[in-house]
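Proteins come first, then strands; the chains are lettered A, B, ... in the order of their sequence lines, and each starts at number 1. Nothing here was measured: the structure is a model prediction, and the numbers come from that model.
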Amino acid sequence: MEALLALIIGLLTAAGVYLLLRARTFPVVLGLSLLSYAVNLFLFAMGRLRIGRPPIITANAQGYADPLPQALVLTAIVIGFAMTAFVIMLALKARAELGNDHVDGTHEP
Amino acid sequence: MNLLLCVITPFLGAALVAWVARLWTWHAAWAAAGVTLAASAALAPLVDGTFQGTTLIERYAWMPREGLDLTFRLDGFGLLFALMILGIGLLVILYARWYFSPQDRLRRFYTCMMLFMGSMLGVVLSENLIQLLIFWELTSLSSFLLISYWQQRAEARRGARMALTVTGMGGLALLGGILLLGRITGSYELTTVLAAGDQVRAHPLYLPTLVLILLGAFTKSAQFPFHFWLPNAMAAPTPVSAYLHSATMVKAGVFLLARLFPVLSGTLEWSWLVGLTGLLTFLIGAVFALFKHDLKGLLAYSTISHLGLITLLFGIGTPLAALAGVFHIINHATFKASLFMAAGIIDHETGTRDMRRINGLWGVMPYTATLAMVAAAAMAGVPLFNGFLSKEMFFVETLGVASEFHFGWVVPLTATVAGIFAVAYSLRFIHDVFFNGAPIDLPRTPHEPPRWMRVPVEVLVALCLLVGMLPALTVEPLLAVAARGVLRGPLPEHSIALWHGVTPALWMSLIALTGGVLVYAGRRPLFKLAARLEGRWEAWRLYDWLVAMVFDLARRVTAALDRGSLQQLLFLFVLSALVLGAAEFWSDSAPLTGPRPLLPVDPVSLLVALGLAASTVLVVILHRQRLTALILLGAVGLGVALIFVKFSAPDLALTQLSVEVVTIVLLLLALYFLPKSTPAESSRARQVRDLVLAVAAGGSTAALAWAVLTRPYESIADWFLTHSLPGGGGANVVNVILVDFRGFDTLGEITVLALAGLGIYAMLEGLRLPAPAADGEGRAWDPDTHPLIMASLVRLLLPLALLVAVYILLRGHQLPGGGFIAGLITAVALIMQYLANGVAWTQARLPANLHPLIAAGLLIATLTGLGSLVFGYPFLTSSFGHFHWPLIGDFELASAMAFDLGVYLVVVGVTLLILIHLGLVHDVSHSTDEEPQ
């Protein structure tokens with residue numbers, strides 16, 4: 001299971017990085033989203049993997065998953081949304097002002 | 001308490017003054033005067049004790065663990081400066097009331113003036129050196145605002161920038177010096193540092209410490225070769241010059257010299273560095289002053305010269321010289337402030353400051369002329385005026401140096417030459433302005449200024465005369481207590497009197513006076529020579545050249561690193577991260593795989609993983625077809641949510657799921673305004689290059705994740721797990737961490753969220769985008785935008801969705817849920833209305849202005865935190881209790897739930913703000929598209 005998650009994190013990173021290096025704004029935003037999935041999963045994995053042990057206190061629980069990375073990742077997901085929104089708005093603004101959607105804003109549409 | 005009040009009153013007063021000035025412009029002066037009086041009143045009860053010789057220390061804990069307390073100190077020397085700052089400040093406030101015209105922005109002047117006054121008081125009343133430095137920098141900043149008061153004038157901006165650059169660099173050096181001093185003595189408290197003089201002087205780091213501190217003091221006090229900012233700062237309004245360049249800003253440098261005198265002085269290095277700088281500045285300032293045709297320029301160079309004199313006195317280093325230095329600080333403040341004010345009156349009345357045009361004003365303003373003449377005589381060091389007394393003490397001290405080393409006679413000689421020029425420029429100030437024929441082509445017809453504009457000058461001139469004639473009765477007690485504060489020991493034998501008999505110093509005074517008259521009489525050939533050399537040896541040229549070099553260097557570095565291509569920068573960024581990480585990885589010999597036992601793979605997980613991987617790969621392959629790629633991205637997000645479900649993170653799964661919905665809706669909306677497909681531009685080679693880098697990055701991340709996942713670890717999780725229920729009253733530990741244990745973080749995070757929302761709002765404001773009339777395949781949009789069944793269904797669903805959201809919010813403390821998730825669910829439910837019914841329909845039913853909602857959320861969260869302060873607990877301490885409600889049963893209420901409500905409101909507000917305003921852009925763009933048809 002660990003190997004599977006590590007591979008998924010790696011794949012998401014690779015896909016994110018590749019799209020990040022594209023020349024148009026929309027793929028870059030897609031790449032950023034993929035990369036933030038990877039980062040969130042990576043951060044979450046710092047608490048190691050436990051199955052069926054949610055960090056909710058009950059009388060007869062067998063143990064709990066680490067709640068701290070979860071709390072961190074929860075806010076990271078929400079902030080990540082705000083970031084995505086901000087970047088896509090920048091892309092729209094750039095399109096409106098420059099007339100094209102190239103990341104450097106210098107190329108002909 | 002009083003010292004803290006004294007320092008803080010002007011800062012608080014700045015707000016009061018700004019507010020008063022907004023309502024009644026002219027009353028700003030009275031408000032500022034009131035604030036100054038209030039600060040003085042805070043100081044008043046302490047004056048008596050200080051004269052008895054006590055040193056008062058006030059201490060407030062600030063960052064005790066770092067050795068930083070808010071500490072204030074009042075001794076005789078600090079008191080002297082505080083009195084000058086407040087007293088001359090009050091006079092300047094009064095004077096400025098008549099100096100400015102109605103179209104000047106008095107609000108800005110008086111507000112900045114209060115800020116500056118507070119900063120200066122902080123400098124002179126600080127016990128902690130770091131704290132002193134903070135106020136020191138505040139004086140630089142507030143003086144920048146004051147000097148650039150007429151910001152529409154280029155020379156004002158330039159002068160302010162120059163002053164800030166030079167004094168700011170000096171402040172940086174001073175910080176280094178203070179840190180070294182703290183390292184040597186082990187404390188930043190002045191009491192300790194002042195007592196450790198021998199230890200400091202014997203330390204190997206003494207010289208660097210001394211040089212750094214002197215750099216701070218010399219730049220502030222405009223000593224050669226940093227003097228050039230002061231004449232350029234004359235672009236400020238005259239009240240500013242009268243305040244900054246007589247009693248306060250430039251005196252901060254000599255204040256520091258005097259303050260640290262017991263610690264740093266008494267070595268050869270000190271004598272040479274301080275003495276030589278002072279001597280040169282004294283001479284250069286005096287010579288340049290004579291040749292300035294600008295009234296304020298003359299005064300500026302004269303100020304430089306007098307500051308050099310004071311520095312030289314401290315450099316000589318005997319107790320008597322230090323006493324003379326303190327005395328001259330007092331005298332210079334009084335006569336220079338009154339001279340600046342007189343110059344301001346002349347400028348105000350004639351409309352120019354050029355001494356070649358202003359002549360013969362004696363005929364039109366004899367009263368002002370008399371005042372100015374008294375002050376100028378004090379500046380020249382004429383007997384019966386205060387300047388004479390301290391200057392004679394100064395001459396005595398220079399004679400003392402003469403016998404001490406080989407070329408010692410240079411010092412009294414140079415001092416006499418500078419004295420000659422001081423007399424000459426003072427004479428010029430009087431003769432050129434008030435006599436010397438008739439005025440030439442003045443912009444205005446001069447007459448005596450308003451009565452009250454003269455009062456501050458009268459007060460200061462009266463002081464010059466009183467001190468000059470009756471020194472023992474007037475200044476002696478204050479001087480004695482101030483000098484004792486500097487020397488921290490018994491005072492040397494001294495007598496301040498008009499007549500000491502025929503001494504060598506008296507001869508020097510006489511030579512200076514007669515020489516000055518002779519030089520002035522033969523000024524014409526000198527002026528011609530000066531005109532030919534004009535601007536050749538100006539130190540600001542070097543400054544300009546240095547600044548230009550720095551900018552040039554910065555531009556070149558930027559040009560080398562940033563070629564204006566995001567792709568290239570990102571490539572380099574990822575590559576260097578990869579190389580640095582790999583280098584560390586290879587140098588470490590630990591095995592990749594750790595000893596932690598692995599979890600078995602089950603078929604369902606494998607299936608999900610495969611689906612996720614396939615979607616990810618497809619996003620990359622199909623990324624040119626943007627809509628398809630977006631849908632696939634949604635699938636990836638769902639897969640990630642499933643991973644959270646699998647590995648015991650229900651809160652994360654819920655958050656991920658709802659964020660995913662919102663993100664996809666947002667990107668869909670945005671995609672409407674963007675091209676529907678990405679052109680194939682990258683060359684094959686570039687694609688391969690990027691792919692290799694991406695695979696390398698992905699591979700190393702995977703390896704890193706694997707290495708971490710297979711290693712056992714120690715976590716602080718147990719603390720949270722055991723304290724969640726008893727300490728936070730919640731069973732859902734993740735939520736308790738968010739709203740209770742780490743509530744401060746969450747408060748910061750929702751603030752960031754709110755700011756991002758507002759930023760997006762600002763960006764979208766008035767944005768018009770080219771809206772396509774057809775979809776990607778060229779088909780026109782369906783005119784039936786809101787299908788009836790969907791619209792009705794979504795309306796029916798709304799209450800249900802909101803109910804779910806409230807349920808999720810309320811149960812968050814015990815079960816998966818909470819403010820973040822509930823906020824997102826609410827937002828999704830409301831966005832559904834927009835999607836199904838259209839923006840116009842929904843806008844008519846929902847408030848479009850979401851700012852109050854966001855503000856309310858932040859306010860609730862902050863107030864919940866502050867609430868605990870009221871009960872005497874630290875910020876954001878939560879409390880909870882169990883209550884029995886009829887019909888519902890046992891119910892727990894925690895203050896953290898109110899905090900969560902704040903989180904909820906912010907999340908709802910921001911999410912809706914972003915999406916609705918993007919939708920509105922859609923409307924704006926469309927309506928403009930259709931109008932021309």
- Considering only heavy atoms and a distance below 4.5 Å, find which of B:V910, B:V662, B:V736, B:V695 pairs most often with chain A. B:V662
- List the steps and the verdict of side chain to side chain contact (heavy atoms under 4.5 Å, CB included) for B:V619 and A:L19. CA-CA 9 Å; B:V619 170; A:L19 288 181; 3.9 Å; yes
- With only heavy atoms counted, which part of B:F571 is less than 4.5 Å from chain A, the side chain, the backbone, both or neither? both
- Among A:V73, A:L68, A:L49, the residue with the most heavy-atom pairs under 4.5 Å to chain B is A:L49
- Non-neighbouring partners of A:F44 that pass ring-ring contact (aromatic ring centres under 6.0 Å, His included), sequence neighbours left out: B:F644
- Query: Given the options B:L654, B:L667, B:V617, B:L815, which has more heavy-atom pairs under 4.5 Å with chain A than any of the others?
  - Reply: B:L667
- Max heavy-atom pair count under 4.5 Å with chain B, selected residue of A:A65, A:A96, A:A82, A:P55: A:P55
- Most contact-rich option vs chain A, by heavy-atom pairs under 4.5 angstrom, among B:G757, B:P675, B:G639, B:G759, is B:P675
- Note on the structure: Sorted by chain and number, sequence neighbours left out, side-chain contact (heavy atoms from CB on, under 4.5 Å) with B:V574 holds for A:V17, B:L693, B:A697
- Message: Please classify the contact between B:P816 and chain A as side chain, backbone, both or neither, with a heavy-atom cut-off of under 4.5 Å.
- Response: both
- Query: Picking from A:L72, A:L90, A:V28, which has the most non-hydrogen pairs under 4.5 angstrom with chain B?
  - Reply: A:L90
- Are the side chains of B:L918 and A:L92 in touch, meaning some heavy atoms are under 4.5 Å apart? yes
- Query: Is there a side-chain contact between B:L612 and A:L11, using heavy atoms and a 4.5 Å cut-off?
  - Reply: no
- Message: Let's test your reading of the structure: which of B:I750, B:L709, B:V734 forms the most heavy-atom pairs below 4.5 Å with chain A?
- Response: B:L709
- Item | Region of A:L4 that comes under 4.5 Å of a non-hydrogen atom in chain B | side chain
- Query: Considering residues at least two apart in sequence or located in another chain, which fulfil the ring-ring contact (aromatic ring centres under 6.0 Å, His included) criterion with B:F720?
  - Reply: B:F741
- Structural part of B:L721 lying under 4.5 Å from a heavy atom of chain A: both
- Task: Go through the atoms of A:M46 and report whether side chain, backbone, both or neither lie under 4.5 Å from a heavy atom of chain B.
- Result: both
- Message: Between B:I914 and A:F81, is the side chain to side chain contact (heavy atoms under 4.5 Å, CB included) condition met? List the steps.
- Response: CA-CA 11 Å; B:I914 295 169; A:F81 161 68; 4.3 Å; yes
- Contact winner vs chain B - A:L12, A:L7, A:L21, A:I9, heavy-atom pairs under 4.5 Å: A:L21
- Residue, of B:V907, B:L704, B:V752, B:I821, that accumulates the most heavy atom pairs under 4.5 Å with chain A: B:L704
- Message: Using heavy-atom distances under 4.5 Å, tell me whether B:L764 contacts chain A through its side chain, its backbone, both, or neither.
- Response: side chain
Give the atom names and distances for all donor-acceptor pairs closer than 3.5 Å across chain A and chain B.
{"unit_1": "A:M1", "atom_1": "N", "unit_2": "B:L599", "atom_2": "O", "d": "3.1"}
{"unit_1": "A:E2", "atom_1": "OE1", "unit_2": "B:L599", "atom_2": "N", "d": "3.1"}
{"unit_1": "A:L21", "atom_1": "O", "unit_2": "B:Q567", "atom_2": "NE2", "d": "2.9"}
{"unit_1": "A:R22", "atom_1": "NH1", "unit_2": "B:S682", "atom_2": "OG", "d": "3.0"}
{"unit_1": "A:R22", "atom_1": "NH2", "unit_2": "B:D690", "atom_2": "OD2", "d": "2.2"}
{"unit_1": "A:R24", "atom_1": "NE", "unit_2": "B:E681", "atom_2": "OE1", "d": "3.0"}
{"unit_1": "A:R24", "atom_1": "NH2", "unit_2": "B:E681", "atom_2": "OE1", "d": "3.4"}
{"unit_1": "A:R24", "atom_1": "NH2", "unit_2": "B:E681", "atom_2": "OE2", "d": "2.7"}
{"unit_1": "A:Y37", "atom_1": "OH", "unit_2": "B:E660", "atom_2": "OE1", "d": "2.7"}
{"unit_1": "A:Y37", "atom_1": "OH", "unit_2": "B:E660", "atom_2": "OE2", "d": "2.8"}
{"unit_1": "A:G47", "atom_1": "O", "unit_2": "B:Y713", "atom_2": "OH", "d": "3.2"}
{"unit_1": "A:R48", "atom_1": "NE", "unit_2": "B:V708", "atom_2": "O", "d": "3.0"}
{"unit_1": "A:R48", "atom_1": "NE", "unit_2": "B:R711", "atom_2": "O", "d": "2.6"}
{"unit_1": "A:R48", "atom_1": "NH2", "unit_2": "B:V708", "atom_2": "O", "d": "3.4"}
{"unit_1": "A:R48", "atom_1": "NH2", "unit_2": "B:R711", "atom_2": "O", "d": "3.0"}
{"unit_1": "A:R50", "atom_1": "O", "unit_2": "B:S648", "atom_2": "OG", "d": "2.6"}
{"unit_1": "A:G52", "atom_1": "N", "unit_2": "B:S648", "atom_2": "OG", "d": "3.2"}
{"unit_1": "A:R53", "atom_1": "N", "unit_2": "B:S648", "atom_2": "OG", "d": "3.0"}
{"unit_1": "A:P55", "atom_1": "O", "unit_2": "B:V733", "atom_2": "N", "d": "3.1"}
{"unit_1": "A:I57", "atom_1": "N", "unit_2": "B:A731", "atom_2": "O", "d": "2.8"}
{"unit_1": "A:D66", "atom_1": "OD2", "unit_2": "B:Y713", "atom_2": "OH", "d": "2.8"}
{"unit_1": "A:D66", "atom_1": "OD2", "unit_2": "B:S715", "atom_2": "OG", "d": "2.8"}
{"unit_1": "A:Q70", "atom_1": "NE2", "unit_2": "B:S648", "atom_2": "O", "d": "2.9"}
{"unit_1": "A:T75", "atom_1": "OG1", "unit_2": "B:E749", "atom_2": "OE2", "d": "3.2"}
{"unit_1": "A:K93", "atom_1": "NZ", "unit_2": "B:M763", "atom_2": "O", "d": "3.3"}
{"unit_1": "A:R95", "atom_1": "NH1", "unit_2": "B:F673", "atom_2": "O", "d": "2.5"}
{"unit_1": "A:D101", "atom_1": "OD2", "unit_2": "B:R626", "atom_2": "NH1", "d": "3.2"}
{"unit_1": "A:D101", "atom_1": "OD2", "unit_2": "B:R626", "atom_2": "NH2", "d": "2.9"}
{"unit_1": "A:D104", "atom_1": "OD1", "unit_2": "B:L566", "atom_2": "N", "d": "2.7"}

- In terms of heavy-atom proximity below 4.5 Å to chain B, should A:I88 be classed as side chain, backbone, both, or neither? side chain
